[in-house]
Each structure stands twice: as structure tokens, then as C-alpha cells.
Amino acid sequence: MTPVHPATRIGHVHLRVSDLERAIAFYSGVLGFEITQYYSGGQAAFLSAGGYHHHIGLNTWESLGATPPPKGHTGLFHTAFLYPDRAALADALRRLVEASIEIEGAADHGVSEAIYVSDPDRNGVELYVDKPEAEWPRDASGNLAMVNKPLDLERLLAEAPARD
């Protein structure tokens, strides 16, 4: 089988949510994504970083007022947002702390550093930064050897850029 083109990327994620404004408050108000458009008579919204048409779609088409799926069922594990550098990840951590969002996990995976939280509908959210590929851990055969070490959140938070 021929592999997918190496430049292929995930363009956006579209989530069913129970309360559109509550979801927007998390993705825009806490994480800082900008609303690009309300859609479908206010039943959906698109959000982005940097003016892209949308990285996140949120809708209540089939989920208005619904409850999250129970643990132990299939579905989305998490959506991962790649930040451009460690300072941007530190700023995201500061936003979470200031909004009193529970940090459910944080890890140094050798290839990346990641923070794990849940959105208001209990969808998993990973905020992460990749390490330079030259630093990725590899075994004796050159294969990736990812790890799951604790990430020092206090040290990361100290690296958050000053605000204007």
C-alpha cells in the first residue's frame, strides 16, 4: 500500500457540544481561538488561529443539551493542538491556570511536551509543542522510542511571555 502524501495534515476538528456558548467560552475565552463565523442560525460556530477559516467547528445540531458519552465507550480520545514553541505552550498553561481549568495530565514524551485537559463537554484536549526532530529519542535501530515522563509545569509556567 502506498502511504499518504507526507504533507497531509489534519485541517480541523468538528465537535458536537451540548451548549455552544459554553464551548466557545472555553475554546475562545480560555484558549484564545478567534470566532470566524457563527453558522446554521447560531447552532454552530467556527474558530481559528491566525485567520484560517477554521481549526475548530462546534455544533449543537444533534447534541443540544446532551450529556457526554460515558467512560469506557468508543469516541474521541482527545484533540491535540500543536503550539509553535514552548513559550506559546507556557502561555496556554497560564490561560488554563487563570481560568481554573483542571490540568488532568502533563507529560514529556521525548518528541513533545503536552498538557491534558477536558473541555466543558468532557472532550479530551491536548495542548503540546514538538521538540526538534534531532532530539527525538530513538532506540539502537533508529526507531522512535517515545517516553512518558512528568512535565514540570511550574518551570513551564515561568517561561510564559510577559503580557502587554
Rounded to the nearest 0.5 Å, the CD atom of Glu159 sits from the CG atom of Asp85 at a distance of 10.0 Å

With the 4.5 Å side-chain cut-off for hydrophobic clustering, are Val111 and Val129 part of the same group? no

So do the side chains of Arg138 and Asn143 get within less than 4.5 Å of each other, counting heavy atoms only? no

Has Ser63 got a side-chain atom pairing as donor or acceptor with Arg16's backbone, closer than 3.5 angstrom? no

Just checking Glu98: does its CD atom have more than 12 heavy atoms from other residues, nucleotides or ligands closer to it than 6.0 angstrom? yes

Nearest heavy-atom neighbours spanning Leu153 and Ala106: CD2-CB, 3.7 Å

For Ala49, is there any backbone N or O sitting under 3.5 Å from a side-chain donor or acceptor partner on His55? yes

Point-to-point distance, once rounded to the nearest 0.5 Å, from CG of Leu96 to OG of Ser100: 10.5 Å

What about Val97 and Leu151, same hydrophobic cluster or not, with Ile/Leu/Val/Met/Phe/Trp/Tyr joined at side-chain heavy-atom distances under 4.5 Å? yes

Measure from the side-chain N and O atoms of His109 to the backbone N and O of Val147, and report whether any donor-acceptor pair falls under 3.5 Å. yes

How long is the gap from OG on Ser118 to CD on Glu102, to the nearest 0.5 Å? 8.0 Å

Parallel, tilted or perpendicular: rings of Tyr39 and Trp61 (30°, 60°): perpendicular

Apply the test side-chain hydrogen bond (donor to acceptor under 3.5 Å, both in side chains) to residues Asp121 and Ser18: give CA-CA distance (whole Å), side-chain angles for both, the deciding distance (0.1 Å), then the verdict. CA-CA 7 Å; Asp121 289 290; Ser18 64; 2.8 Å; yes

Examine distances only and state if a side-chain atom of Arg86 and a backbone atom of Ala160 form a donor-acceptor pair shorter than 3.5 Å. no

Atom CG of Leu58 and atom CG of Leu15: how far apart are they, to the nearest 0.5 Å? 6.0 Å

Between His78 and Tyr116, is the gap from one ring center to the other below 6.0 Å? yes

For the side chain of His54 and the backbone of Ile56, is there at least one donor-acceptor N/O pair under 3.5 Å apart? no

Looking at Lys131, is its backbone amide N or carbonyl O close enough to the side chain of Trp136 to form a donor-acceptor pair, meaning the two atoms are under 3.5 Å apart? yes

Closest heavy-atom contact between Ala87 and Pro161? O-CD, 3.4 Å

Evaluate side-chain hydrogen bond (donor to acceptor under 3.5 Å, both in side chains) for Glu34 paired with Ser28, printing each intermediate quantity in order. CA-CA 6 Å; Glu34 296 175 304; Ser28 181; over 6 Å; no

dist Leu127:CG -> Leu93:CG (nearest 0.5 Å) comes out at 9.0 Å

Are the side chain of Thr60 and the backbone N or O of Val17 linked by a donor-acceptor pair below 3.5 Å? no

Are Ile35 and Tyr52 connected, step by step, through hydrophobic side chains (Ile, Leu, Val, Met, Phe, Trp, Tyr) whose heavy atoms are closer than 4.5 Å? no

State, to 0.1 Å, how close Gly32 and Arg95 come at their nearest heavy-atom pair, and which atoms those are. CA-NH1, 3.5 Å

Is the shortest side-chain heavy-atom distance between Tyr27 and Phe81 below 4.5 Å? yes

Can you measure from CD (Glu62) to CG (Leu64) and round to the nearest 0.5 angstrom? 12.0 Å

Before accepting this row, confirm whether a basic side-chain N of the pair Arg155/Glu113 lies closer than 4.0 Å to the acidic partner's carboxylate O. no

With distance as the sole criterion, is a donor-acceptor pair present between the side chains of Asn59 and His14 under 3.5 Å? yes

Side chains of Thr79 and Glu126, donor plus acceptor under 3.5 Å: no

Is the gap between the ring centers of Tyr128 and Tyr83 under 6.0 Å? no

When hydrophobic residues are tied together by side-chain contacts of less than 4.5 Å, even through go-betweens, does Phe46 share a cluster with Val125? no

Val13 with Leu20, same ILVMFWY side-chain cluster at under 4.5 Å: yes

